[in-house]
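Structure record follows, encoded as structure tokens.
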Amino acid sequence: MSASITGDVRFQPASDQSLLIYFGESITLEAHERVRKFLRLLESEPFAGVRNFHPAYCSVLLDFDALKMTQDELQGALSARLARIDEFPLPERRQLEIPTCYGGDFGPDLREVARLHGLTPEQVIEMHASATYVVYFLGFVPGFAYLGGLPKAIATPRLATPRRNTPPGSVGIADDQTGVYPFDTPGGWRLIGRTPISMFRPDRSNMSFLSIGDRVRFTPISVEQFAALKSA
Amino acid sequence: MSSILIQSPGLLTTVQDLGRQGFGTIGVSPSGAADSVSLRLGNRLVANNEGAAALEMTLIGGAFAFPDGGIVALAGSDFGARLDDSAIDTGTSVEVRPGQTLRIGPTRSGARCYLCIEGGIAVPPFLGSASTHLLSGLGGFEGRALRKGDVLQIGLANVPFRRRTIAPRAVASLSQRNIFRVTRGPQADWFDESSFRAFFAATYRVGEQSNRMGIRLDGGQIAQSKTASMITEGVSLGAIQMPPGGLPIILFVEQQTTGGYPKIANVISADLHRLGQLRPRDEIRFELVTFETARALLIDQQKMLASPESIIE
């Protein structure tokens with residue numbers, strides 16, 4: 001019941017009721033596509049005894065009921081299904097915009113990010129808003145999307161000491177990732193702006209504003225536009 | 001429907017059931033009772049479905065008025081409880097007459113005590129569960145811990161009162177032990193032999209900052225032999241992650257769903273409920289078992305919980 005490799009998929013037990021399935025060992029769009037296909041497979045053909053799944057950059061964690069099956073039985077059943085992973089075509093990616101008011105009180109780390117890279121705050125904004133990002137997965141807290149595709153010139157490590165509070169809608173950078181905090185949580189990402197959009201809406205059928213696989217752009221807006229959108 | 005009035009909420013009291021499974025893709029963790037075994041047994045005492053919603057109290061109980069009466073049971077740690085002027089036992093069902101008040105004190109043993117009420121706490125379900133997720137303010141009663149003056153509705157119930165008690169054998173299996181059994185974590189090989197041994201030799205103290213999201217441990221620091229940074233991946237309940245400082249954090253019921261720190265080990269499912277009874281400054285150790293042993297222990301625990309002999313009528 002140790003780690004095993006089937007084709008180019010690697011199984012790694014994570015606990016007595018969970019299994020990690022690695023589709024690659026680095027962050028690539030190719031591994032991401034296979035993660036999405038695997039999710040399609042799990043959604044199209046629900047797997048008895050599997051209770052939950054957590055996609056990430058190049059892996060999926062499956063939580064299963066160990067009263068119903070062993071690690072070996074799960075791995076065996078998965079191997080058979082993974083052979084058919086390419087039978088699950090992916091839907092077209094959605095394109096979404098996140099209006100963002102950069103800098104000032106909304107982006108307390110913008111100046112420091114600019115300084116670390118020898119750029120002006122305006123250049124950081126322009127670069128951040130020029131890229132198209134991909135939602136690799138949602139994790140950490142409800143509705144938190146990990147967005148890949150940040151221009152290397154503004155990739156910045158996390159704060160040495162995380163903040164105790166990050167206001168909802170805060171747009172942050174951590175290494176070469178960017179993302180939006182849906183809730184007031186502790187957080188170590190460097191905050192460069194804020195969106196008036198609600199990233200997690202429990203009263204809607206589509207609770208999370210972003211879904212895995214979406215394409216996303218950030219659009220700069222003024223403080224006035226922020227206020228208008230917030231109250232809309 | 002009958003109701004209960006929160007006269008005093010205690011230190012941290014929330015509505016919990018067995019949590020919500022299946023929403024990992026949108027970042028929603030299961031949440032649910034920190035000591036799910038006590039919740040299940042408590043619900044059986046009052047003839048509820050074992051996953052009915054109840055109140056989870058932390059370290060200090062509260063005061064609850066029952067204008068319409070009800071059938072209740074306390075399960076988990078003994079917090080010392082009185083119904084008006086009479087002491088009542090934890091682990092035994094009790095009939096509350098209309099107008100009586102249940103007062104629950106500070107803990108005499110572990111961290112959590114459950115107040116189960118026949119009919120269950122009725123709150124609007126969020127993604128199929130009544131559990132409160134404090135960090136995101138979702139689920140439970142208005143997504144938050146209870147406050148003085150809150151009024152909670154109780155589900156319909158019409159089963160006549162019967163005195164039921166958790167069997168001593170079942171209680172014994174729940175009692176505080178300071179050794180937690182673990183399986184190897186997915187990054188166990190990021191730690192060399194001496195670090196791995198040091199982890200199992202160490203006695204850790206539960207940190208003050210521990211909560212339903214994570215249990216922070218103080219004690220010997222464990223060095224990591226591999227310095228590569230990890231790619232964020234899904235994390236399981238009870239995962240013991242090692243941040244760069246080398247002090248472990250056990251991910252708990254309100255855990256983040258993904259994380260980027262290496263996991264040296266994972267608490268076995270049969271011991272997860274005991275994490276819910278850890279108090280700050282408790283001392284614990286870890287013991288390595290195989291995946292086969294972990295599964296056998298879970299099956300034994302399930303047999304015990306499902307057994308009619310766990311509850312004495």
Side-chain angles (χ1 to χ4, degrees), chain A residues 1-3 12-22 24-27 31 39 42-43 50-63 65-67 69-72 136-146 174-175 177 182-186 200 202 206-208 210-212, chain B residues 19-30 126-127 133 135-139 143 181-187 189 213 229 231-239 254-260 263 265-272 289-299 301-303:
Chain A
M1 198 146 22
S2 56
Q12 174 70 55
S15 75
D16 57 10
Q17 299 204 86
S18 64
L19 173 69
L20 273 161
I21 303 152
Y22 293 102
E25 306 293 334
S26 59
I27 301 173
L39 292 182
L42 288 174
E43 283 158 4
V50 169
R51 295 194 279 221
N52 211 341
F53 33 93
H54 305 277
Y57 282 112
C58 41
S59 62
V60 177
L61 177 79
L62 287 192
D63 292 326
D65 184 352
L67 297 173
M69 66 180 104
T70 65
Q71 283 274 4
D72 283 343
Y136 275 88
F137 64 99
L138 288 92
F140 173 50
V141 293
F144 189 102
Y146 285 75
D175 300 322
Q177 317 165 98
F183 298 97
D184 189 341
T185 54
F200 196 82
N206 214 0
M207 290 188 189
S208 179
L210 297 175
S211 302
I212 185 168
Chain B
R20 52 185 69 80
Q21 288 286 354
F23 303 97
T25 46
I26 54 171
V28 174
S29 68
F126 166 62
L127 295 175
H133 187 263
L135 183 69
S136 60
L138 297 169
R181 291 159 297 185
V182 300
T183 48
R184 280 175 71 87
Q187 285 81 35
D189 60 2
M213 280 187 77
S229 73
I231 299 173
T232 297
E233 64 185 26
V235 285
S236 47
L237 179 60
E254 275 196 34
Q255 64 171 70
Q256 58 201 66
T257 60
T258 54
K263 280 85 63 185
N266 204 108
V267 175
I268 66 168
S269 299
D271 283 354
L272 289 172
V289 299
T290 63
F291 287 99
E292 289 83 355
T293 301
R295 181 165 185 264
L297 289 165
L298 181 67
I299 291 169
Q301 183 180 76
Q302 177 59 27
K303 277 188 192 144

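Residue numbers start from 1 in every chain, and the chains themselves are labelled A, B, ... in the order their sequence lines are given, proteins ahead of strands.
Within the 4.5 angstrom heavy-atom criterion, only side-chain atoms of A/L39, from C-beta onward, approach chain B. Heavy atoms closer than 4.5 Å to chain B are found nowhere in A/I212, neither backbone nor side chain. Contact annotation for B/T183: only side-chain heavy atoms (C-beta onward) come within less than 4.5 Å of a heavy atom of chain A. Proximity to chain A (any heavy atom under 4.5 Å) is restricted, for B/V235, to the backbone atoms N, CA, C and O. With a 4.5 Å cut-off on non-hydrogen atoms, A/P182 does not touch chain B at all. Contacts of B/L138 with chain A are made by side-chain atoms alone, with heavy-atom separations under 4.5 Å and no backbone atom involved. Looking at A/S15, the atoms closer than 4.5 Å to chain B (heavy atoms on both sides) sit in the backbone and in the side chain alike. Contact of B/E254 with chain A is not made at all, since no heavy-atom distance falls under 4.5 Å. Heavy-atom distances place no part of A/Y136 under 4.5 Å from chain B, backbone and side chain included.
Here the shortest heavy-atom pairing between B/T257 and A/F140 reads OG1-N, 3.2 Å. Between B/I231 and A/E25 the shortest heavy-atom distance is CD1-O, 3.3 Å.
Rounding to the nearest 0.5 Å gives a distance of 11.5 Å between CG of A/N52 and CZ of B/R20. Distance CG/A/D65 to CD/B/Q21: 9.5 Å, rounded to 0.5 Å. With values rounded to the nearest 0.5 angstrom, B/I26 atom CD1 is found 8.5 Å from A/N206 atom CG. Rounded to the nearest 0.5 angstrom, B/D189 CG and A/Q12 CD are separated by 7.0 Å. Separating the CG atom in A/L138 from the OG1 atom in B/T258 is a distance of 9.0 Å, to the nearest 0.5 Å. A distance of 6.5 Å separates CG of A/L20 from NZ of B/K263, quoted to the nearest 0.5 Å.
Between B/V28 and A/M207 there is no side-chain heavy-atom pair separated by less than 4.5 Å. By the 4.5 Å heavy-atom criterion applied to side chains, B/F126 and A/P202 are counted as neighbours. The side-chain heavy atoms of A/F183 and B/H133, taken from C-beta on, include no pair separated by under 4.5 Å.
For A/D16 (side chain) and B/S269 (main-chain N/O), a donor-acceptor pair under 3.5 Å exists by modelled atom type.
Among B/L135, B/I299, B/V267, the residue making the largest number of heavy-atom pairs under 4.5 Å with chain A is B/L135. Here B/S136 is the residue among B/G137, B/S136, B/A294 with the most heavy-atom pairs under 4.5 Å with chain A.
With respect to B/E233, the side-chain contact (heavy atoms from CB on, under 4.5 Å) criterion is satisfied by exactly one of A/P55, A/S59, A/C58: A/S59.
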Test side chain to side chain contact (heavy atoms under 4.5 Å, CB included) on B/S236 and A/L61; report intermediate values, then the result. CA-CA 8 Å; B/S236 47; A/L61 177 79; 4.1 Å; yes
